[in-house]
Amino acid sequence: MSMRSIIVFTLALLLSLPLSASELHVEKAYVPEAPPVAPVMAGYLDLVNPTSSPITITGVQSPMFEQVEIHSMSMKDSMMHMEQLKQLTIPAHGKVSLDPGGYHLMLIKPKKAFHSGDMIGITLLLANGEKISLKLPVKDQHTQDHSHH
Ligand SMILES: [Cu+2]
């Protein structure tokens with residue numbers, strides 16, 4: 001780990017403390033483990049807005065990926081089709097779920113291989129200029145499937 005990534009990591013930790021967090025609540029965040037050669041990974045989470053005004057996410061960043069995008073997924077001519085969203089708005093007192101098969105974070109070109117148990121730091125950029133830093137745990141899909149039984 002370089003000094004720079006240690007600093008970025010520490011900053012991300014500090015920013016994720018509840019005191020500096022925004023009104024936007026994040027639940028059930030995770031990244032399914034992918035093969036080490038995978039050029040992209042997907043991130044899933046629930047975004048909950050308990051406030052009386054909408055909250056808009058205008059971008060997502062991660063020092064661990066070349067680029068992070070918000071995608072929607074839909075069926076088009078019986079093919080799965082992904083589309084990049086320029087922004088995502090969580091309505092007042094509303095919730096938007098990023099789930100397999102729907103909205104997701106597209107984590108593009110990982111700078112290292114991630115394994116189950118690793119944490120991926122991302123930052124959500126809000127339209128009001130606020131930044132929310134999060135940690136998404138990398139989860140083995142098998143462990144996850146079995147945990148329901
Ligand atoms: Cu995608």
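Ligands are counted one by one from 1 in listed order, and the atoms in each one are counted from 1 as well.
Side-chain N or O atoms of His104 include one that pairs as donor or acceptor with a backbone N or O of Gly102 at under 3.5 Å.
When distances from the Cu ion (ligand 1) to the N, O or S atoms of His71 are compared, ND1 comes out shortest.
Here the shortest heavy-atom pairing between Thr123 and Ser133 reads OG1-OG, 3.3 Å.
Note on Gln84: not counted as a metal contact of the Cu ion (ligand 1), no N/O/S atom lying under 2.8 Å. Among the backbone and side-chain atoms of Met106, an N, O or S atom lies under 2.8 Å from the Cu ion (ligand 1).
Looking at heavy atoms from C-beta onward, Val31 lies out of side-chain contact with Phe114 at the 4.5 angstrom threshold. Side-chain contact check for Glu83 versus Ser74: every heavy-atom pair is 4.5 Å or farther apart.
Centred on the Cu ion (ligand 1), the angle running from His104 (NE2) to Met82 (SD) is recorded as 90°, rounding to 10°.
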